[in-house]
Structure formats: structure tokens, C-alpha cells
Amino acid sequence: MRITDVEVYPLRLPMKTSFAISGGTVGSPNEGAPHVYVRVVTDVGVEGWGEARPSHRWSCETLETVTSTIAGYLKPALLGAEVSDLQTIHGLMNKEIKPDLSGGQPIAKAAVDMALHDAIGRERGCRLPELWFAGFRPELKLSYLISTASPEEAGRMASDAAAKGYRGLDVKLGLRPDADLDLLEAVKAAAPNLFLRADANQAYNLQQAAKLARAMERIGVDVFEQPLRADDLHGHAQLRRKTDIPIALDESIWTTGNLMQAIRAEACDTVVVKVTKMGGLTGARRCGELAREAGLGLLGGGLTESRLALAASAHLFRYLRIEDPVDLNGPLFLADDPVASGPRIDEGDVVLPDRPGIGCEISAEKLELYGCRSNV
């Protein structure tokens, strides 16, 4: 089965509400959210679908760069390649777009890798985890994401999440650093029994993070995610010695190379696995397995993807046996997507489709409706 075409669909998906991190807004109802869908077509009539979710305030990739990278560089290199030979295909992609510390346009490569997995599963008639010789585990728990600078609003959101049956909360810090402690206290008071994940997105320096971590110990925060700059592994290692709260790395780890450096530096207790950040299912699975072998914990995360990448990520997280609620928050923020049928989502509970590949069917009408010019 060989690749005969790679089709790229730049999209702006509608959002129900704005989403902000310490670096700024990453999507709003006025502008929508940038997504790129990819369709791989094969010579035997099987297709596969993948997704990229670029955000210029979180990474260096944008809607335009993902679109041009796939259409102008990856597609010409991959035409005629054997779909199931993922090692060769990643070699071809890395030859065209040279890997750097982040893997070299990993979000663009992730969409292609995801589509290839989907095509392989469809052609073989097996669900995604069966490609990894694992059983199908259809149910997954989501965490509820809180992104506000108001402690009062954060408390209301936490209480609402608990009432709806969510098992975990992911609180974004750094929107107003002087209010972060009040924010966490309000959330913990409103939902004391939920798993509490505090995500700083690189908002602090070491002194600030250490002070906040000591207060987090009193509050009962379960994990402190990416408090310092991505390149500050030494600082994270120092922070670990100053607190008993597990330190998780996200933006610091894009590749297995990054992960090995973090392990050597003793910079974290936990690794955040994200499919669209780690160059696709291939890279994310490798990072997750390596982290497990090194004795590290795993958290599951995403980049506010639609139900397509959510389903792919969920399959991987079940394979990796991640038990804490995962941060696949697309359903909280997206008003619609091009998935005609896919995972069933009821607030914090996900049931994955029992179909080959990723298990999603894509609507051509929705691709047309939400398609946009990428200005490339």
C-alpha cells in the first residue's frame, strides 16, 4: 500500500469561549481556532486522516507553516512511499525538514503520522491499539480545564466540574501571577476530591516557582506542570529538591532526545505526553514508553484538538496505561469540528469508536464550511 496523494485542509474551527495560557490567547470565538486536517490517499483506495493544531503563542508553528510544510515539502517527499514503513517515512520527513531540538516542525509531521496510522488500521481492519499488539480499551476520563484569572470564577468552574462528574482539574497559571495562589485555593476548596494539575506554561522563574510550590504543598496540589522555561532543566532539577510536589515537564520534552536530557538532569518526576507535539503517535508512544522505563510518571495532554486527534491521543493514553484524567480539552472550547462520527463524549467521560484505525469519519461538508485561506 503506497501513498498516492496527501491532501491538506487548513481550517478555522468555531470556539464556544476563549482559551488563554500564560503566553496569551490561543483561540477565541471571534477568530476561531487554527487546525489543519490531512488526508493520506493510497493506491488501494484506503485513506487515513490526521490533524495538526498549531498555536503561535504556544509553539513556533502556525496555520500557515503547517500547511506549507506539508503541501510544499512533506507531500512531494512521501509520494510513492510504503504506508506501513513508518521508519522510512519519518526518515524522509526529517530529511526534508531538518530536526532541531523540537524535532523540526513536529506538529506538521504529527498530522501526517496520525493519518498513516489511521490508513494502516483501516487497511488491516484493526483498531489503533492493535497495531501496537495491545487490547482495545474504549473508556477514558478527561480533566476539566480552568483558564481564568478570577479566583471566584475558578471556584465556580471547579464546583461545576465536580457536579458534572469530572475526576480531575487542570488549572492554567500565569494569567495573573499575583492571583495564582488565590486561584488554586479557590479551586481546591470548591472541589477538594478532584485530581489537581497546576499548569504554568513556563510562567515563573525559580524563586517564584519555589515559593508557589511550598504553598501548593499546603493546598494539596497533585502536580506542578512546566513552571520554568522549557530550556531550564537545571532549574527544574533544583525546584524538585525544594518541594515534594511532583514536577511535570511539557514544553521541555518534544522528542526522546529531550526526554533523555531531562532524565539525566533529574529534572522531572512526570512527563506530559502529547501526540501533536511529539511528531505524532510514533514519537509520543516512544517517549511514553521510555519515560515509563525510566520510572517516571505520565500525564496525557493535548493542544485543544478536535475529536479526530482526541480519539488518536486517547487510544495512545489507554495503551500507555495513563490512569489520571487527561487534558484533552477540545470539547470544552470547540463549538464544532469536521468529525461526522467518532468518540462519544459525555462531559468528562469518553467512549472511543469500535472501528478500524482511529475510528473517525470525516465530513466533506464541514471541511468546506470551516476551510480557510492559509495565506501561503
Side-chain angles (χ1 to χ4, degrees), residues 18-26 55-60 101-102 143 145-155 157-158 168-189 195-254 258-259 261-274 277 296-297 299 301-304 324 327 329:
S18 295
F19 178 23
I21 62 174
S22 61
T25 302
V26 294
S55 171
H56 64 279
R57 291 193 173 99
W58 190 86
S59 77
C60 63
L101 293 178
S102 70
S143 65
L145 190 141
I146 296 175
S147 173
T148 176
S150 165
E152 294 77 15
E153 184 181 5
M157 294 171 74
L169 299 170
D170 185 347
V171 180
K172 291 294 184 181
L173 303 179
L175 303 181
R176 208 181 83 204
D178 63 326
D180 282 343
L181 183 56
D182 293 335
L183 200 75
L184 291 171
E185 288 178 331
V187 167
K188 191 65 176 179
F195 180 82
L196 181 51
R197 175 174 170 177
D199 185 2
N201 291 119
Q202 311 180 68
Y204 308 118
N205 60 37
L206 178 59
Q207 183 178 8
Q208 293 167 332
K211 181 179 179 180
L212 184 57
R214 287 192 288 271
M216 285 181 178
E217 293 176 4
R218 172 179 55 81
I219 295 170
V221 173
D222 291 288
V223 64
F224 194 4
E225 182 177 335
Q226 199 66 51
L228 311 178
R229 290 194 329 269
D231 62 352
D232 192 5
L233 295 181
H234 179 67
H236 282 102
Q238 287 185 288
L239 180 61
R240 285 186 68 222
R241 292 191 286 269
K242 296 175 183 291
T243 181
D244 293 328
I245 295 179
I247 301 300
L249 292 184
D250 179 6
E251 291 97 322
S252 295
I253 299 176
W254 297 71
N258 301 155
L259 175 55
Q261 292 298 321
I263 292 170
R264 293 188 183 111
E266 299 183 350
C268 64
D269 303 281
T270 301
V271 172
V272 180
V273 178
K274 288 183 178 177
K277 174 191 75 172
L296 300 177
L299 291 173
L303 298 175
T304 323
D324 292 321
D327 180 27
N329 53 62

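The figures that follow rest on heavy atoms only: side chains count, while hydrogens, waters and symmetry mates do not.
- In plain terms, the two heavy atoms of A262 and L249 that are nearest each other are CB-CD1, 4.0 Å.
- The closest side-chain heavy-atom distance from I146 to K172 is not below 4.5 Å.
- For D182, the side-chain hydrogen bond (donor to acceptor under 3.5 Å, both in side chains) test picks out no residue, with sequence neighbours left out.
- For D170, the salt bridge (Lys or Arg N to Asp or Glu O under 4.0 Å) partners two or more places apart in sequence, or in a different chain, are R197.
- Residues meeting the salt bridge (Lys or Arg N to Asp or Glu O under 4.0 Å) test with D269, sequence neighbours left out: R240.
- Remark: E217 CD is packed, more than 12 non-hydrogen atoms of other residues, nucleotides or ligands lying under 6.0 Å away.
- Considering OG1 of T304 and CG of N329, their distance stands at 4.0 Å, rounded to 0.5 Å.
- Interatomic distance, L259 CG to S252 OG, rounded to the nearest 0.5 Å: 11.0 Å.
- Residues passing the salt bridge (Lys or Arg N to Asp or Glu O under 4.0 Å) test with D180: none are found, sequence neighbours excluded.
- Not a single side-chain hydrogen bond (donor to acceptor under 3.5 Å, both in side chains) links D324 to another residue, sequence neighbours left out.
- Just one residue in the list L173, D199, T243 forms a side chain to side chain contact (heavy atoms under 4.5 Å, CB included) with F224, and that residue is L173.
- Between L145 and D327, the closest side-chain pair of non-hydrogen atoms falls below 4.5 Å.
- Residues satisfying the side-chain hydrogen bond (donor to acceptor under 3.5 Å, both in side chains) criterion with T270, sequence neighbours excluded, are absent altogether.
- In terms of modelled atom types and a separation under 3.5 Å, the side chain of Q202 and the main chain of A230 share a donor-acceptor contact.
- Remark: A265 engages L233, A267 in a side-chain contact (heavy atoms from CB on, under 4.5 Å) (not counting sequence neighbours).
- With hydrogens and angles disregarded, a donor-acceptor distance shorter than 3.5 Å links the side chain of Q226 to the backbone of L228.
- Residues passing the side-chain contact (heavy atoms from CB on, under 4.5 Å) test with A186 are P151, sequence neighbours excluded.
- Between H234 and D232 there is a side-chain heavy-atom pair separated by less than 4.5 Å.
- Of all heavy-atom pairs spanning V272 and A248, the tightest one is CG2-CB, 4.2 Å.
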Original post:
Please walk me through it: do L181 and I219 pass side-chain contact (heavy atoms from CB on, under 4.5 Å)?
Top reply: CA-CA 9 Å; L181 183 56; I219 295 170; 3.4 Å; yes
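- Atom CG of residue D250 and atom NZ of residue K274 lie 3.5 Å apart, to the nearest 0.5 angstrom.
- Taking the side-chain contact (heavy atoms from CB on, under 4.5 Å) definition, one finds that A179 meets it with R176, sequence neighbours left out.
- Every salt bridge (Lys or Arg N to Asp or Glu O under 4.0 Å) that R218 has, sequence neighbours left out, goes to E185.
- Taking each heavy atom of P227 and I247 in turn, the nearest pair found is CD-CG2, 4.3 Å.
- For E153, the side-chain hydrogen bond (donor to acceptor under 3.5 Å, both in side chains) partners at least two apart in sequence or on another chain are T148.
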Show me, pair by pair, the donor-acceptor contacts under 3.5 angstrom made by side chains of residues 205-212, not counting sequence neighbours?
| residue | atom | partner | partner atom | Å |
| --- | --- | --- | --- | --- |
| N205 | OD1 | Q207 | N | 3.2 |
| N205 | OD1 | Q208 | N | 2.8 |
| Q208 | OE1 | N205 | N | 3.0 |

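- Under the 3.5 Å distance criterion, the side-chain polar atoms of K277 are matched with a main-chain donor or acceptor of I253.
- The line from SG of C268 to CG of L296 is 5.0 Å long, rounded to the nearest 0.5 Å.
- The shortest heavy-atom contact between A198 and L184 is CB-CD2, 4.1 Å.
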**OP:** Please lay out, stage by stage, how R241 and L239 fare under the test side-chain contact (heavy atoms from CB on, under 4.5 Å).
**Re:** CA-CA 5 Å; R241 292 191 286 269; L239 180 61; over 6 Å; no
